[in-house]
Structure formats: C-alpha cells, structure tokens
Enquirer: 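Provided herewith is a single structure, encoded as structure tokens, for subsequent inquiry.
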Amino acid sequence: MVTTPTPGTLLVLVPHSTAWLFVTAALRAGLLGHPERLVLVTTSQSGVPEAGDELRRTLGWDRLNTDVDVVLDHDELVAPHHPLGWTPTTPAELARWRELLLQRAGLGGGPVRLLLRDLHLAPARTLAAALPEAAVDVYAEDLSAWAATPTVLEPSVAGRVGRLLHVDLWPGLIPRLLAETGCRPVALDPAQLRALAGEVAPPSEPGRGRVAVLVEEDLAGLGLDEEEVAALVARQLAAAHAAGADRVRAVRDPLPALGSDSEALAEAGLVELDEDAVPLAAVLAADPVVVVGCRSTLLLTAGVPAVAVQPEGVLERLRPWAHPSRLPLVLTALRCGPDAPAAGLAEVQQLVDALAHTTQPALHPAGATPARALAAERPGLAERFLLPGNPLVGSAG
Amino acid sequence: MVPVLSSGANTTAKTLLRGTDERVEHLVVDATADADPRGRMQRAVGRLPRSRAAAIHDRTAGPGRRRAEAIALALADLRTDWVTVVDAGDFVAPGFHLRVLEAAEQLGAPLVGFGHTRVRGPVRVPEPATEDSSGVVVAPAWRGLVGRGHRVGRLWSQLVHRSLLDSPGAPVPDVRLHHGADHLLGWALHLAAGSSALVEVPGYYRTVHGDADTSEEALLGRVRGHQQAIDLARGHIRADVLVPEAVRAALRMICRLVLADLDAGSRPRPRLVELADEVMTGVGRRTLDAARAGLEPGDQRLLAALRPAA
C-alpha cells in the first residue's frame, strides 16, 4: 500500500515506556498519519528522575524507533530543574525556550503537530506554549482518559486540542479527559498494543510453572503508610495463590512513582520481571494465570484474568477528592474488584460523568444531572463509588 | 559512603549508581534503629558496584547520635583517597561527585565544598541555574562557611582528602553531640584545611524531613555543636568574620527549634530560652550585633522576644 506522507513534523512527548509503546502502536495503526519527520521528546515523571528508568534502555527501543528522526532529551535541556517543575516564566524566557526547541528538534519552517501526554503538566504545557502555531493532539494510554482534566487549561492551549487518543479499555465508554475542549476521542484496540508488546517482550523464564504477576504501584502516593502497603501486598500475594499460582513475580506499574521509593514487593521477597522491558511486554512474556494489583491499568491491558485487591479501601483513603487516581481506582474496582457490582455501560457512563462533575464541577457542570440520577436510580453504586467523602454530596444527592 | 538512617536508601543507591565509575567505592552504613527489617541496606549494597556494608553498634541511641556514629565508623573504615557523605534519602545528579572530584584533583586542595539544594516533597525545586552559577571558584577554606548560612558547613557538602583526615590533630566526629556532630566536623575540617575550593555545581539534593528529633539531648547537641564551632572560629586568623557567622548559625538553629515549638502549639521550651541567652552572653556586643544583622527579620524579632534585655 502506498502511503502519502503527512507534511511537516510530528513532535511527540514520551514520559515512560508504556507511553512510548502506545505511540508506536498508534503510528502503526495509522492514527497519526505518516509524518514526514518524527521527533520524540523524552522526559521523566519520577519524583527523582535520577532514580527513574532510562527510557533509551527500554528493550526494543532502537528496533521500534527506526522511523524516528530525532530523539530529544527534554530533561537535559532544562537541567538541573525538575522536568515537572520548570516552565518559562517571562516572555523572553519563553522566546529562548522556543528557539532552543526549534534548533534541537531541527524544526524548520514546516508545519508542526504535537502529540502530548498530561497536557495540564510541564513539559507538555511548555511545549504547547513554545509552539503556539502547532495543532495539538493528546493521548492517554491508561484509565486517566476517563477522568476529568485535572486543571482548567489556558484557552490558548485548550482551543488547539483536536483529538484524544486512548486505549479502548472499556468499549463504548466515552472519555471525559479534555471533553471540555470539544476534542474527538480516537480509540486504539488494546489487541494492537498487546501485539506490539509481544514484539519487544523479553525471553520467557524456563520452566516457569503457573505464574502470577503482582503490579508494584505507588501506593504511598495514594495515601497508604508503610505498614498498610505491606499489609496490602500480603493480601495481594494471598490473592495470587488463591488464583492457582505457584510462583509470583513482580512488575512495576507503568506510572513512575512520584513520592515513595519503597519497594514493597522486593521487601516481600518477590523477584521483578525484566526491568528494562515495557511492563506490558514483561507481563505477556511471563504468560501469567492472573495479574494482581490495585489500580494499575495493566490489570485491564494485559488481556488475562486480573484481580484488584482492596481498591475501595484505597478509595476511602484517597485525598483530596479530586485525586487523579480516583477514577482509575473506580473503574478497576468495577472491572476487577471483589464483589464488583453488575453495571451496564449506561450506568458506568453515568458514574464516570458524575465523578467528572464532582472532581471538576467547573469543567463538567452538566454532570450534576447524572450524579443526581445515579444516586436516585442506582443507590448501591452511588454509595460505593460516588458518595463517600464527596464534598459535593449535597449537590450530588 | 551512605550513612543510612531509615528510608530513602533505594533512591539514593539508584542515583549513585547512575554516576558511579570504577574509582568510586561505597560503604553503606546501617544506622537504623531496628536493624533494617525490610532489607533496604542489603539491596542498596547489592545494587552498587564496589560496595560493602557496615553497621553501627548502639541502635538504642537517637537518630542524630546514630548518624554521628555512622560517620565516625565510616571515616575510620574507608581508606580511599577522598571521602564524602551521602545521607539516605538525598540524591545526586548523574556524575555529580565525579565532577567535584575532577575539580578537586585539578586544584590539589584537600577539601572541596559544594552546595546542596534543599528539597521538600516529591518534586524537587532546584536552585535557579544562571549562566554564571556553575564552575569552580577557588577560595580560602573559611569562605565556604560564610555568607550562605551553613550550606557547606557539613560533611555531606564537601569532599575531603585522606591527608586532611589523617593529619595530626585532625577533627573526628564527637558522637556525644548527636545532631551537632556532623555540623561541628564540617566546620572543623574547613578551618583545618590549609587550602580549599568551592565548587558551584548544582546536583546534590538534600531531602528535608519534617520528623526531626526534638528530644532534649538532640536539641542540646545541636546547640553545643554550634557553640564549639564558635570556639574553633575564635582561634582562626579570620575570627572577625567567622565568629559572628558561627554565632549566627547557632542563633538560627535556636530560632528554628523555637518556631517548631510554636508551630506545634506549645510555648518555647525554657531550655531553648536558656541556650539563646548562653550563646548571646558568650560573645561581645559587636560580635552579637554583627551576627544578628545577618539574620532574617523574623528571627531577629523572635530573639528579641525571647530575651527582651538583649
């Protein structure tokens, strides 16, 4: 098939290996056209980037990046500042930042498109601000696609968002991220993500038996202390064995830890799967009988039986109410949690819309109606996932 | 070397790993109160090449004394040409120590001080990097103690050559000073060094914990460490500059402790008022005025309220 190149440069922000896998899968699926030039801008969202994973060491990085023209290390450009902490503060600084970016990314006079993740945070915001003429697409390869935008974006950025690319983890469920901008959601089939992950999978362990994979998550960032994390890990181990596993392996959640550096699974004696592999690829190579976690999107993307342990217990601890992990926890609980209530697509959509309203009422004023309807029509669902601790409970109810 | 108090060993080891090379040797000192039941020390040792473990003896002591014992133990144990301290929980930019080491070797000074960025919370907020803020500044050793609080007055902000540690009368950590031991050692080494350099290289991030030891003995140790630093400074040829600086550091420390009491909803402990009085009456009027002039206005008001007659 002859493909017509899309004129100009596509500049993609890649904060971690799972995001990179998603972008590569989206390119292969033709969701991003066929850009004349492709620039990857790498960054780190770890609390301590120096202790985080090096994206360029990811298994398959060179093999899958043959179409990439430039790989630009954003964090090196802004060093010694934290990549999440630096933004240009004056017009002169913004102009210098733009000049540096144009030079390092080799951007000439041609059109530029941006594909960004976490548009509400630096460096996505700083890239969008530096290239005001560029069209913006946003992607979210995890469950955050269904959560409300965490902050109100500047009109100069929000007005340029054209599409939200996401993984079709809940077919038919309409994402709420950036919905206020009127952008068009575009879904990628998770099977395509898994197929690509299979190409960059590490070698399988010989004689592995019935393996379970536990996902190491930033539970401290969800409000749990050390003892609570250790207790939760013990429950997760029990759940893995209850599912018939005779060996348990650990894999790190794709989302980097912002706060704690604890390694609860290593402390529980678990061996980590290949840490240079994309987490999804490592899980697929292990061919597990079950994946166990709490809120990780890996539970839904792996395509194998999954168990979420105590997601509702963690929901109770989550502060503030508008915590970005609230919606992912709710969806994981609904899909993989214990005693998950039966809920049809319309009811889950109602719940997602209601949560979008209660976490960001300014962006989703229309969500008040589904919130009230849910409380009236499905009180059981509302009492488990919408009402406890909700500061807008009055208006919701 | 990494005197380890409790958490943070994972992050610290990972960041050191990024910048290490075959010239660097690590000694990981387990200074935990509970003998590291989660195995963090062993994992740090397992991660770092050319590393080994050591442990303090007295785990019943407070964190300040355990840290001081860990530093003393490591200084006695290590035979490397250069020594520095990295606290567990702190982190460094890749290659940071090697850049400092290269500067030190070029300059031939037995002590090189470097700044650190204090960090609170998960996202670090480094010092602004301006074009003229990086590079090597050659300056007398005592300059490192002046004008910037006590940012290079501690052992985790300097690289020290073995010759200085082995010289006759070389300072050693006084573990009885608890939290004051590392501060005093930093001052003593600076004052003992015949030549030295300051290196303005951003890249050492010091994690600020909100759970400081506020026991009576830790409090006393901190202030006694500062008082001994004042005495040391008196014998220095630049005593006119260094004594007010040491007094200012002591008073600043007392203000921090008083503010912690006030933040906790308590009246300042009488012991703190006595110590402030002791520090201020122990020096002459001109020295005291010079010291107070460099304090923040809030600290000045606080001291005036503690000791209205001063």
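Only this structure's heavy atoms are used, side chains among them; waters, hydrogens and symmetry mates stay out.
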Enquirer: Kindly write out the residues that satisfy ring pair (Phe, Tyr, Trp, His ring centres under 6.0 Å) with His178(B), not counting sequence neighbours, or none if the list is empty.
Expert: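 If we apply the ring pair (Phe, Tyr, Trp, His ring centres under 6.0 Å) test to His178(B), skipping adjacent residues, there are no hits.
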
Enquirer: Can you tell which part of Arg18(B) gets under 4.5 Å to a heavy atom of chain A, answering side chain, backbone, both or neither?
Expert: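 Contact with chain A: side chain only.
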
Enquirer: Within residues 226-236 of chain A, which residues come under 4.5 Å of chain B, heavy atom to heavy atom?
Expert: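 Residues in range: Glu226(A), Glu227(A), Ala230(A).
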
Enquirer: Is Glu263(A) paired with Arg47(B) through a side-chain N to carboxylate O contact shorter than 4.0 Å?
Expert: yes

Enquirer: In terms of heavy-atom contacts, does CZ of Arg43(B) have more than 12 from other residues, nucleotides or ligands at under 6.0 Å?
Expert: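 Yes.
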
Enquirer: To the nearest 0.5 Å, how far apart are CZ in Phe96(B) and CD in Glu50(A)?
Expert: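 The distance works out to 11.5 Å.
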
Enquirer: Mark yes when over 12 heavy atoms from residues, nucleotides or ligands other than Glu154(A) sit less than 6.0 Å from its CD; otherwise mark no.
Expert: yes

Enquirer: So, using ring pair (Phe, Tyr, Trp, His ring centres under 6.0 Å) as the criterion, who are the partners of His161(B) when residues are at least two apart?
Expert: Trp82(B)

Enquirer: Taking salt bridge (Lys or Arg N to Asp or Glu O under 4.0 Å) as the test, write out the residues that go with Arg57(A), two or more places apart.
Expert: Asp276(A)

Enquirer: Which atoms of Asp75(A) are under 4.5 Å from chain B, going by heavy atoms: the side chain, the backbone, both sets, or neither?
Expert: neither

Enquirer: For Glu316(A), I'd like to know if atom CD has over 12 heavy atoms of other residues, nucleotides or ligands within 6.0 Å.
Expert: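 Counting neighbours around CD of Glu316(A), 12 or fewer heavy atoms of other residues, nucleotides or ligands fall under 6.0 Å, so no.
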
